[in-house]
There are 2 protein chains.
Amino acid sequence: MANIHEVAKQAGVSSATVSRVLNEAPTVTEKTRQKVEQAIKQLNYEPSMLGRNLRNSESRLLLVLIPNFSNPYYTEIINGIEDYSVEHGYNILLCETDSNPKRENTFFNMVKNKLADGIISMDPTVNMSKLQDLALDHAIVMCSEYDEYERIPYVAIDNEAAAYKVMKHLIRLGHDQIALINSDEKFLYARQRRKGYERALEEFGLPLRNELIYNTQNLDFQEGAQAIRKFSQLERNPTAAFAVSDTLAIGALKEVNVRGLKVPEDFALVGFDNISFSNMTNPTLTTVAQPMYQMGTTAASMLIKQLQGQEVDSIMMDHELIIRESTLN
Amino acid sequence: MANIHEVAKQAGVSSATVSRVLNEAPTVTEKTRQKVEQAIKQLNYEPSMLGRNLRNSESRLLLVLIPNFSNPYYTEIINGIEDYSVEHGYNILLCETDSNPKRENTFFNMVKNKLADGIISMDPTVNMSKLQDLALDHAIVMCSEYDEYERIPYVAIDNEAAAYKVMKHLIRLGHDQIALINSDEKFLYARQRRKGYERALEEFGLPLRNELIYNTQNLDFQEGAQAIRKFSQLERNPTAAFAVSDTLAIGALKEVNVRGLKVPEDFALVGFDNISFSNMTNPTLTTVAQPMYQMGTTAASMLIKQLQGQEVDSIMMDHELIIRESTLN
DNA sequence: GTGAAAGCGCTAACAT
DNA sequence: ATGTTAGCGCTTTCAC
């Protein structure tokens, strides 16, 4: 592969001029530009990003941290990030951390190493203090999950309000024994959704029964099914459940079906995230939708603004309760 | 952020020595090494990959091309690629082409530009001739979908044999009106699976009815549902369908349910890919499993071997028919 | 309007 | 065992 000097030689100009043509500098004569462009074609030349990046000390690469590729929740957000970034001359590198600190470190180092310009973290398991250190002299944005102390700008939804809205919906349908299938409460969103759950109970004068709250290890289908099995051992069974993830709700739905109960007649179910499968289950699943694509574009725009030296503020996005068959009355 | 020279100065050595320490060269005295390591700590130094990569003219970054993030089919393969790559000192960049030639070009250029070392393409819509051009002087491997003319090494399964196996299973259950929900036959895998479908019909003496073959635009749920609607208008309805993707099968299942037919009693259904959700549907879905994770590690190992200058051969992996509720008799 | 030359941060060949 | 030096490919200041 030819380099800039060979092109310069071929065109009978200096490498500086070739560089000017590449960067569309306005000072180049039309004639020179044509000579250079011809040489570029002839030699099939492609400028090396590596050289350019080293010189400019930027890589135009953005890192997107997610715990794993398997959760469909992230796909639309990623689409938003990708579209916005590409449109603004950045590429994104999707980084699966597997909640593995070592792996996470690799990605942090890429930023320190100048191999990437900034990070959008959607990983709830991220090492917050390390991320904050990094944020001291690098562009960082959080998406969905965020820093409670607000030292890193984020885009997210009001999880407590969303959970409250779900509960209100179920309570209005007449349910008074509503289970919560929550993820590990080390995650901020889990704590927030639980808060919304509890606030609704309180406001509607329903008792809080701790045995109706099940905390899962992860968001796999199996965990949702496991929650239902656990609840079935109670003396007084719940008649509805709010799962903080569609994947959990789908696993729960499966188990409820297996047990011969009818949804929504015998048991009502609500998920969270509005993943595409949630509309394919039988019955279809009531869930909370976040404006995922828009969250993605917003996060990307915040990051790129940071890279341009601007200050950015955190943003709360709207959410929406989507009522489907699993909670019809 | 400090550079290698400042570290050298701080440690009272030359930058070459610092480089030696960084690269664990065996010729450095223990004493010198300690001095250097201390200086590195003091200055909080991180070597710049950019400088290193430029010098070594490699980026240790691998591109993985997929048409879109939304298809869960790819996740396990990607996990395999990622694990193997990271273990061998490479990072992967997940590239969504959206079947968009412009986007695709961006990624090809990254390889030409030395921003990435090689490509694993899982995109059936990839521009094969451009990819072949690139393969002339760059490391390329295909996964799942491949080059019919075998100019680019691939890892894949025997699609025709898999389709044949599915059909044999359905025929043995007594079905003689079996529909095929196929994707666009511009894709090699679609042509191969159709071939298996037709071969089975022929070998078991069943007539080929063209109206029982529905070609979809994409693999969305809706297309699967649409296929069922189309079949329902026929005078003689099929009693079973083989969908070349679980997503299509799940959409079809939904529509069959909506129409009040029972699966598998009234209608049998088989998918392809064994995505995790295929075991969560009601009834669970019979499908064909590919050794996805292993396909990923294999593809990555082939690519890295290429980068090391070795010749590699294409590999056919095994597949397995997983019989679940949707085809019980 | 264009060229010469320095330098981004690193590594490797060569010299000591 | 360590230092000196050149150069990977590019951009940009400074001359002209």
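Just one of B:T75, B:N79, B:D83 meets the side chain to side chain donor-acceptor pair (under 3.5 Å) condition when paired with B:Y293; it is B:D83. The only member of B:Y73, B:Y154, B:Y189 that meets side chain to side chain donor-acceptor pair (under 3.5 Å) when paired with B:S144 is B:Y73.
Between the P atom of D:dA1 and the CD atom of B:Q34 lies a distance of 16 Å, rounded to the nearest Å. When the C1' atom of D:dG9 is taken as reference, atom CZ of B:R55 falls 13 Å away, rounded to whole Å. Nucleotide D:dC8 holds its P atom 18 Å from the CZ atom of A:R52, rounded to whole Å. When rounded to the nearest whole Å, the span between CD of A:E58 and C1' of D:dT11 equals 12 Å. Remark: P of D:dG9 and NZ of A:K9 are 14 Å apart, rounded to the nearest angstrom. When rounded to the nearest whole Å, the span between CZ of B:R20 and P of D:dA1 equals 10 Å. To the nearest angstrom, P of D:dT11 lies 6 Å from CG of A:L22. D:dG9 atom P lies 5 Å from atom CG of A:N3, rounded to whole Å.
A search for salt bridge (charged side-chain N to carboxylate O under 4.0 Å, His left out) contacts involving A:R55 returns nothing, not counting sequence neighbours.
Base engagement by B:L54 is indicated by at least one non-hydrogen atom pair under 4.0 Å involving a base atom. Residue contacts for A:N56: at a heavy-atom cut-off of 4.0 Å it reaches the sugar-phosphate backbone alone, with no base atom in range. In this structure, B:S48 reaches the sugar-phosphate backbone alone: every heavy-atom distance under 4.0 Å involves primed, P, OP1 or OP2 atoms, never a base. Nucleic acid contact for A:V18: none, since no nucleic acid atom lies under 4.0 Å from a heavy atom of the residue. Counting any heavy atom pair closer than 4.0 Å across all strands shown, A:T29 reaches sugar-phosphate atoms only and no base atom.
First and last contacting nucleotides of DNA chain C toward chain B (any atom under 4.0 angstrom from a heavy atom, 5' to 3' order): C:dG9 to C:dA13.
Here A:E37 does not pair with A:K41 in a salt bridge; the nearest charged N to carboxylate O distance is not below 4.0 Å. Of the charged side-chain nitrogens involved, at least one lies within less than 4.0 Å of a carboxylate oxygen, so that B:E148 and B:R191 count as a salt-bridged pair. Under the 4.0 Å criterion applied to side-chain N and carboxylate O atoms, B:R33 and B:E24 are not assigned as salt-bridge partners.
For the helix from C:dG1-D:dC16 to C:dT16-D:dA1, the angle separating the two terminal helix axes comes to 40°, with each axis derived from five pairs and the value rounded to 10°.
Two residues, B:G51 and B:G12, neighbour DNA chain D, and the one matched to the more 5' nucleotide by heavy-atom proximity is B:G12. Residue whose closest nucleotide on DNA chain D sits further toward the 5' end, between B:K114 and B:H5: B:H5.
A:T125 and A:D123 share a donor-acceptor pair across their side chains, judged by distance under 3.5 Å alone.
A sub-4.0 Å separation between OP1 or OP2 of D:dT2 and a side-chain N or O of B:T32 is present. Residue A:N23 places at least one side-chain N or O under 4.0 Å from the OP1 or OP2 atom of D:dT11.
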Chi angles and distances behind the side chain to side chain contact (heavy atoms under 4.5 Å, CB included) call for B:S19, B:V21 | CA-CA 5 Å; B:S19 175; B:V21 171; over 6 Å; no

Show the numbers, then the answer: is there a side chain to side chain contact (heavy atoms under 4.5 Å, CB included) between A:R52 and A:L22?
-> CA-CA 11 Å; A:R52 175 175 294 173; A:L22 291 173; 4.2 Å; yes

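One N or O on the side chain of A:D147 and one on the backbone of A:R151 form a donor-acceptor pair closer than 3.5 Å.
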